[in-house]
Every structure is written in C-alpha cells, then in structure tokens.
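Just so it is clear, the model here is predicted, and its values are computed rather than measured. Below, chains carry the letters A, B, ... as their sequence lines are ordered, and counting in each starts from 1. Values below: every heavy atom of this structure, side chains too, minus hydrogens, waters and symmetry copies.
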Number of protein chains: 2
Amino acid sequence: MEPLDEFDLKILGILQRDNLTSQRDIAERVSLSAAAVHRRIQRLHSLGVIARDVAVVAPEKVGRLITLVVEVVVESERLEALSELKRVFAAAPEVQQCYYVTGEPDFILIVTTRDMAEYEALTQRLFFGQSNVKRFRTCVVMDRVKATLDVPLQPAG
Amino acid sequence: MEPLDEFDLKILGILQRDNLTSQRDIAERVSLSAAAVHRRIQRLHSLGVIARDVAVVAPEKVGRLITLVVEVVVESERLEALSELKRVFAAAPEVQQCYYVTGEPDFILIVTTRDMAEYEALTQRLFFGQSNVKRFRTCVVMDRVKATLDVPLQPAG
DNA sequence: GTTGAAAATAAACATGG
DNA sequence: CCATGTTTATTTTCAAC
C-alpha cells in the first residue's frame, strides 16, 4: 500500500471530525477539485483506512446512564479458552470495547448499561457464567471526560 | 424531550452502523417515507441523540500501531486539580478516551501511539509532568477485540 | 406522504506532469 | 501512465405542499 500523502491526511482529518462534510467543501479546504477528493475518499475506503462511517449516539439520550470499566482476570490462557471469551465479550451489545492486554488484568472492557441492575445481570452472563473468568473488578465511570475513536494524523514519520 | 419511538430506534440502529445509508434505503427498511425519515434524522440531530457523524479511521493503517490502557492515581482530588488534569488529558490527541472513575484508579485512559518511544514521550507530558499524578499503570493492548462507540438500542423500558 | 427544486455524489472524458 | 480538473448524469437531500 502506497503511503498516504498530505492531501489524504487532511481529508481524513476532516472526515474523522464530520463525515457529512460535502466533497465540495472538503475540496475547497484542501485545495483540490471535488472529483479528486471523491476519488481519494473511495480509495481510503477500499484500503480500509476508513473502516466505518457511523453516527455517534449519545448514550445518556437513549437511557444508557451508566458506563463501566471492567478488568477481567482469566483462569486459563489457552488459545481456545481465550478465543471463546473474546467471542462472548464481543457479541454482547453492552460491551462497547474489549481489549486483551498484557499486565495484571487480561481483559479490559468498556460497558454501558441502563442502570446497575442491568449491569449485575450482565455480570452473570459475562463473568460468573464463564468458567474461564477467575475474577473481575469494576470501576464505575463518574465522568466521561473524552470518548472518541479519533486517531492522531501526522505525516508518516 | 418526548421519548423516541420504535422508528427512531430503528433509524438510529442503521445510522450507528452506517451513517452513509441513504434516507431512501432507510425508509424502505423501516417502512416509512423518505421524507419522514429525513425529518426524524433532523430531529435526532437537534435533540443531540446523534452527537456526531464521523469516519472511523483504522489506527494501524495510519501508523498508530500501539494501543494502551493507562490507570492513573491522583495526588489530590480537589476540584480544580481534577479539572486541570481532565483538561490536559482531553487535549492530548493521543488520548482517545478518558474516564474519571470510582475505585482504585482515579482515571482510565485509552491511548494510541506510533510506538513505545512515542508513548514514553507522552508519559513525560501527561504523567511525570503533572504534579497531581501520583502514579500510573500501563497495560499494553495485544488484541483490540472490539472497539466501537455503539450503544444498545432497546425500546425505553 | 407526495412532489419538485437544490445539492451532492459518481461517472466519463480530456489533459498535463 | 497516473492523478488532476472539467463536464455530464445520477442519486440524494431537503423544503413546500
């Protein structure tokens, strides 16, 4: 894959902030024709640089008032046992994010629920119900200071 | 704010997955006219239910190979001291997410960098350089099993 | 919910680096 | 030959009814 040039990075920066910006507007801001911008966006899609285009829903506006960070320690690190856990975690809609990490915990999850009762029910399914979960620790989020998937876009060093 | 009905939730579900879906397509899938869908989307925007519309960039495709989860313990929980830290964390482009939480750590951060050298430089700025950071613990992400901001959309209970 | 105008996206073509 | 810009066609958005 040929590297991205300054134009690509500028376009990405704009789309990452607001992907409903018209190609004409983008064109003006990066000093290209709208057609060139269009082609570059298509290429960024086909290369997988743009993975998805999504509307970000405000959780609290749809009744998901609680965010939690959960650290999970597993029983076995056998590959199949881990894969199974990953599958279960990823399949749960309440789990926004799931990271398999080095260090003290094995997994770190970001979870949203309506309330604590729903979270307790979730722990039954995801943790107590999984034989490979040795223990878990929950942190309740008091302030979502920043919650994006934005990526810093500097010219490739 | 009047509650969202089933149509709104269906529309949100579609846009949350792919916000470039045409209103005509959405209309067909939810059994409404395109205009009705259009008006509902406008309303969802104005209500702030749809907070942003963004392109999700694949970090590894733009050279951000490392993801880290950092737990931070602060020195002082004074309001101004906390606000200052939040400001610093939120302002850093490498910090995708920042949560202020109850429990052992005070903050949990999701961070992306090009490499470990860049992360070390970042720790200088964000942690060692902040007098209110008592200590921090880093977990290196080996597998980004799931990384979305998707919200479960069930009819309000 | 239907219709029509305005705007955006997407394709076709021609050209300069 | 690849990437750009111009033009044309198609699709989508958006407002009026």
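- Screening residues 88-101 of chain A for side chain to side chain donor-acceptor pair (under 3.5 Å) gives A:Glu77-A:Tyr100, A:Glu94-A:Arg125, A:Gln97-A:Tyr99, A:Gln97-B:Gln97 as the qualifying pairs, with residues at least two apart or on separate chains.
- One can place CD of A:Glu2 at 16 Å from P of D:dC1, the figure rounded to the nearest angstrom.
- The side chain of A:Gln23 places an N or O atom within less than 4.0 Å of a non-bridging phosphate oxygen (OP1 or OP2) of C:dT9.
- Residue A:His38 places at least one side-chain N or O closer than 4.0 Å to OP1 or OP2 of C:dA10.
- Taking atom CG of A:Asp25 as the reference point, atom C1' of C:dA8 lies 11 Å away to the nearest angstrom.
- No side-chain N or O of B:Asp53 forms a donor-acceptor pair with one of A:Asn19 less than 3.5 Å apart.
- The distance between atom CG of B:Leu20 and atom P of D:dT11, rounded to the nearest whole Å, is 17 Å.
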Could you walk me through whether B:Leu126 and B:Val88 satisfy the side chain to side chain contact (heavy atoms under 4.5 Å, CB included) test, starting with their C-alpha distance in whole Å, then the side-chain angles of each, then the deciding distance to 0.1 Å, before giving a yes or no?
CA-CA 7 Å; B:Leu126 293 190; B:Val88 169; 3.7 Å; yes
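- Nearest nucleotide to the A:Arg40 side chain, out of D:dT12, D:dA3, C:dT9: D:dA3.
- Annotation: side chain to side chain donor-acceptor pair (under 3.5 Å) contacts involving residues 138-148 of chain A, sequence neighbours excluded, comprise A:Tyr119-A:Thr138, A:Asp143-B:Lys86.
- Judged as a salt bridge (charged side-chain N to carboxylate O under 4.0 Å, His left out), and not counting sequence neighbours, the contacts of B:Arg40 are B:Asp5, B:Asp8.
- As a whole-Å value, the separation of A:Ile41 CD1 from C:dA11 P is 13 Å.
- The salt bridge (charged side-chain N to carboxylate O under 4.0 Å, His left out) search around A:Glu84 returns A:Arg87, not counting sequence neighbours.
- Note that CG of A:Leu4 and CG of A:Leu153 are 9.0 Å apart. Values are rounded to the nearest 0.5 Å.
- The end-to-end axis angle of the helix from C:dG1-D:dC17 to C:dG17-D:dC1, rounded to 10 degrees and based on five pairs per end, is 20°.
- For residues 14-30 of chain B, the set of pairs meeting the salt bridge (Lys or Arg N to Asp or Glu O under 4.0 Å) definition, not counting sequence neighbours, is empty.
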Restricting to nitrogen or oxygen on both sides, can you table the protein-nucleotides 15-17 of chain C pairs closer than 3.5 Å?
none

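- Looking at residues two or more places apart in sequence or on another chain, you find no salt bridge (charged side-chain N to carboxylate O under 4.0 Å, His left out) involving A:Arg39.
- The separation between A:Phe7 atom CZ and D:dA3 atom P is 13 Å, rounded to whole Å.
- Summarising the hydrophobic clusters (Ile, Leu, Val, Met, Phe, Trp, Tyr; side-chain heavy atoms under 4.5 Å, direct or chained), the residues clustered with B:Leu20 are A:Leu20.
- When side chains are defined from C-beta on, A:Asn132 does not count as touching A:Phe127, because their heavy atoms never get closer than 4.5 Å.
- Taking atom CZ on B:Arg24 and atom P on C:dT9, their separation rounds to 17 Å, with Å as the unit.
- Note on A:Arg52 versus B:Asp150: salt bridge recorded, some NZ/NE/NH1/NH2 to OD/OE distance being below 4.0 Å.
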Are any protein N/O atoms closer than 3.5 Å to N/O atoms in nucleotides 5-10 of chain D? If there are, list each pair with its distance.
{"from": "D:dG5", "atom 1": "OP2", "to": "A:Ser33", "atom 2": "N", "distance (Å)": "2.7"}
{"from": "D:dG5", "atom 1": "OP2", "to": "A:Ser33", "atom 2": "OG", "distance (Å)": "3.0"}
{"from": "D:dG5", "atom 1": "N7", "to": "A:Arg39", "atom 2": "NH2", "distance (Å)": "3.0"}
{"from": "D:dG5", "atom 1": "O6", "to": "A:Arg39", "atom 2": "NH1", "distance (Å)": "3.1"}

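- In this structure, A:Asp8 places its CG atom 14 Å from C1' of D:dT4, rounding to the nearest Å.
- For the side chain to side chain donor-acceptor pair (under 3.5 Å) condition, the pairs that include at least one residue of residues 102-113 of chain A, sequence neighbours left out, are A:Glu104-A:Arg135.
- Scanning residues 42-49 of chain A for heavy-atom distances under 4.0 Å to DNA chain D yields an empty list.
- The distance between atom CG of A:Asp5 and atom P of D:dT4, rounded to the nearest whole Å, is 7 Å.
- You'll find the side chain of A:Phe128 reaches within 4.5 Å of the side chain of A:Thr123, heavy atoms only.
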